[in-house]
Student: 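Quick one: the structure is below, and I'll ask about it shortly.
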Amino acid sequence: MILRDLSIEDWSMDKYEKVIALARRRGFIWPAFELYGGAAGFYDYGPLGAPLKRKIEDLWREFFVIKEGFCEIECPTIGVEEIYVASGHLSGFSDPLTECKECGEIYRADHLIKHIIEVPDALSGEEIYTVIKENDIFCPECSGDLSQIYEFNLMFKTTIGPGSKQAGYLRPETAQGMFINFPRLLRYYRDRLPFGAVQIGKSYRNEISPRQGVIRLREFSQAEAEIFINPKDKSHPRFDEVEDLKLILYSEEDQEKEGGQPREMTIKEAVDKGIIAHQILAYYVARTYQFLMEAGLSRDRLRFRQHKKDEMAHYAADCWDAEASLERFGWIELVGVADRTDYDLRSHMAQSRTNLTVFVPFDKPRREEKLVVKPDMKKLGPIFRNKAKAVAEALKSLDAEELEKETISVVVDGETVEIGSDLVSFEMVEETIRGEEIVPHVIEPSFGIDRILYTVLEHSCYEEMVDEETRTVLKLRPKVVPIQVAVLPLMDKDELMAPAKEITDALKARGIYVEYDSSGSIGRRYRRNDEVGTPYSITVDYETLEDKTVTIRDRDSMAQVRAGVDQLPDTIPALLREELEFGEAGVPLRS
RNA sequence: GCGGCUGUGGUCCAGGGGUUAGGACAUGAGCUUCCCAAGCUUAUAGCCCGGGUUCGAUUCCCGGCAGCCGCACCA
């Protein structure tokens, strides 16, 4: 049976272990700082991992920068304190912790008093501590005394400048860079909505206990797009391009419902039925799906799950996560596509006291009758002194009917004030309103590159039995594969190596990433290349010397064709672009 | 962060208070007209870090770090 075919290691290792072992051995992912014992939550990308990551990012650029036309910017990874006051990361990103003085166990202090205070978030650390003391709450484990509350913030903190008191924080997301550059971006796009800006870069979160390897990192790469839209228009002009796309959606309703299951449906259906809030959000869910497919995820291990109300960030109106199924971890979030509404811009408006609005002209200017109230400040001033301004403001809020009275009464500071009609004049003025100032809403597709990279590895990793040996293959998509072609002289003899090197150079001249390898048997080299996903191998043999043909071998099928050396610079790129079927690349050889 | 288990060449594993720590696989060099991890010769390479006990520690003890599992945490 199958049992016989698998070695003991195969049974004891789960897929995560196998993929990580492969990734480590072949130079994709390494634990960082290994020389000095390592640090949890940090990984290096090795010689194959770095190009794989770069290619995934480039594919993302192709989708969001080139096709969507969003500009790419690059902001500092260290941010000043105000940003994170506004974004809420300084307060909301930290947890109040308390420690048992007896057994040392650490608890979320707000969780311990949940049954007493309904909204513990609103309390300060000291207030929580008071509640704990007053209600005789002790360590749930050993009933020991609990310590004072201290805050654990997930942001890395530093100081800016020598001896400086100015705090700096390593950014916990790249998104804020786009928000705080909103005025300049708006100008760059010549004051018109919608527009988008993206950033690909590192973010940092000082996780309490990062496990799960590359799934939860303290330093990680994000690719985020912030799309600024007019909240009054949530349609998308290119919606028709994606509306028939079928994908697996797991709506909030289906999650809550007994026996509710993810359902396959078209994007159009999802919007029509109100499952996805609006076209724009649905459009980017669809593009996200297309991107992940291109990157090489397997379709049946991908779904889009809607955030439940209680897990949704307080600012978000709707949020869909692209989730991938991993053998060890189950469904994990790779991408979040959120409608962040105007939360971020409003927060930064308040914090920075600037105006982050856009003037949106109406289709047709409107004529509006408007009541203009003119308090006579020359007279009001001497009468009301320092209250004069408040009185004037109160008068301006009245309607025509009130103002027509002989004696007008307004309430100022809780006091009713009577004002003679001679102290204020008013008139109806007709004015033209050409548009309005609005705070844009933000749609945010946010991608976790490291998780996507790992998922690409896991989803493309196959083991199959060939002649009673296990063949490990990474079926990476040609778009993201680090090594595109291997050139292999059948043996490392000078007469074979010379033409092989010529082929290598010819392909390099075409911008192809070629690996030349002459060591070990040809079969061994094929397997080595299978393991790192090299899609095609070119073998130079003695026949090559006679008729200038070589063997091209296909990674997935192991099939071979015989092709002329001169054609390689054309056929190989065509194969890699998936414009040419492997069988057409030469004369098929029987295996 | 707490508790349990673990830490030996690149990888997987053996061993052990005392001279040169052993194997397999992988890797390098060489041989072999070699198309799917063949064979032969040969080489390189290791006891996680710090402290303690001891004449002597890779081995025993303590601490740190890392990994795995459970708990907590996961904006």
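Residue numbers begin at 1 in each chain, while the letters A, B, ... track the order of the sequences.
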Student: I'd like to know if A:Q560 reaches the base of B:C35 with its side chain such that a donor and an acceptor end up less than 3.5 angstrom apart.
Tutor: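 Flag set: donor-acceptor pair detected.
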Student: Where the side chain of A:T539 is concerned, which of B:C35, B:C36, B:C68 is the nearest nucleotide?
Tutor: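 Output: B:C35.
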Student: Taking the nucleotide of RNA chain B with the closest heavy atom to each, which residue, A:D541 or A:F220, is nearer the 5' end?
Tutor: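 With A:D541 and A:F220 compared, the 5'-side residue is A:D541.
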Student: Considering only B:C36, B:A37, B:C34, which nucleotide approaches the side chain of A:L490 most closely?
Tutor: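 That would be B:C34.
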Student: Using atom CZ of A:R25 as one end and atom C1' of B:G10 as the other, report the distance to the nearest whole Å.
Tutor: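 Interatomic distance, CZ of A:R25 to C1' of B:G10: 10 Å.
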Student: When you check the phosphate oxygens OP1 and OP2 of B:G1, does a side-chain N or O of A:S209 lie under 4.0 Å from one of them?
Tutor: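 No.
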Student: Name the nucleic acid region contacted by A:R553, choosing base, sugar-phosphate or nothing; use a 4.0 angstrom heavy-atom cut-off, strictly under.
Tutor: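 Base, at least one base atom sits under 4.0 Å.
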Student: Return the nearest nucleotide to the side chain of A:K493; candidates are B:U32, B:C69, B:C34.
Tutor: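 For the A:K493 side chain, the nearest candidate turns out to be B:U32.
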Student: Nearest-Å distance, CD1 (A:I208) to C1' (B:C2)?
Tutor: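 So the two atoms are 13 Å apart, to the nearest Å.
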Student: Of the options B:G70, B:U33, B:C34, whose atoms approach the side-chain atoms of A:R211 most closely?
Tutor: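 Nearest to the side chain of A:R211 among the choices is B:G70.
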Student: Give the rounded distance in Å between these two atoms: CE of A:M491 and C1' of B:C36.
Tutor: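 Roughly 16 Å, once rounded to whole Å.
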Student: Among B:A37, B:C68, B:C35, which nucleotide has an atom closest to any side-chain atom of A:R524?
Tutor: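 Of the candidates, B:A37 comes closest.
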Student: Go through the N and O atoms of the side chain of A:R525 and the base of B:C36, and report whether any donor-acceptor pair is under 3.5 Å.
Tutor: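 A donor-acceptor contact between them is absent.
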Student: Of all the nucleotides listed (B:U27, B:C74, B:A37), which has the minimum atom distance to the side chain of A:E207?
Tutor: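 Shortest atom-to-atom distance from the side chain points to B:C74.
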Student: Taking A:Q306 for the side chain and A:E252 for the main chain, is one N or O donor matched with an acceptor at less than 3.5 Å?
Tutor: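 Confirmed, A:Q306 side chain pairs with A:E252 backbone.
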Student: Rounded to the Å, how far apart are A:M155 CE and B:C74 C1'?
Tutor: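 Rounded to the whole Å, the gap is 16 Å.
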Student: What nucleotide, of B:A66, B:A37, B:C36, holds the atom closest to the side chain of A:A40?
Tutor: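 Nearest to the side-chain atoms of A:A40, counting from C-beta on, is B:A66.
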Student: When you get a sec, tell me which of B:U33, B:C36, B:G67 is the closest nucleotide to the side chain of A:Y542?
Tutor: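 Of the options given, the side chain of A:Y542 lies nearest B:U33.
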Student: When you check the phosphate oxygens OP1 and OP2 of B:A29, does a side-chain N or O of A:S519 lie under 4.0 Å from one of them?
Tutor: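 No, no such contact exists.
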Student: Could you measure between the two C1' atoms, the one in B:C12 and the one in B:C47, and give it in whole Å?
Tutor: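 Between the two C1' atoms, the distance is 16 Å.
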Student: Just to confirm, is there a sub-4.0 Å distance from OP1 or OP2 of B:C73 to any side-chain nitrogen or oxygen of A:R216?
Tutor: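 Checking A:R216 against B:C73: no side-chain N or O falls below 4.0 Å of OP1 or OP2.
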Student: Of the nucleotides B:A66, B:C35, B:G1, which one has an atom closest to the side chain of A:I522?
Tutor: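 Among B:A66, B:C35, B:G1, the one nearest the side chain of A:I522 is B:C35.
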Student: Between the base of B:C65 and the side chain of A:Y36, is one N or O donor paired with an acceptor at under 3.5 angstrom?
Tutor: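 Flag unset: no donor-acceptor pair detected.
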Student: What integer number of Å spans the P atoms of B:U20 and B:A37?
Tutor: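 Between the two P atoms, the distance is 42 Å.
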Student: Start at the 5' end of RNA chain B and walk down; is the nucleotide closest to A:D517 or to A:T551 reached first?
Tutor: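 Its nearest nucleotide lies further toward 5', so the answer is A:D517.
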Student: Let me confirm one number: the CD1-OG distance from A:I522 to A:S537, rounded to the nearest 0.5 Å.
Tutor: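 One gets 7.5 Å once the value is rounded to the nearest 0.5 Å.
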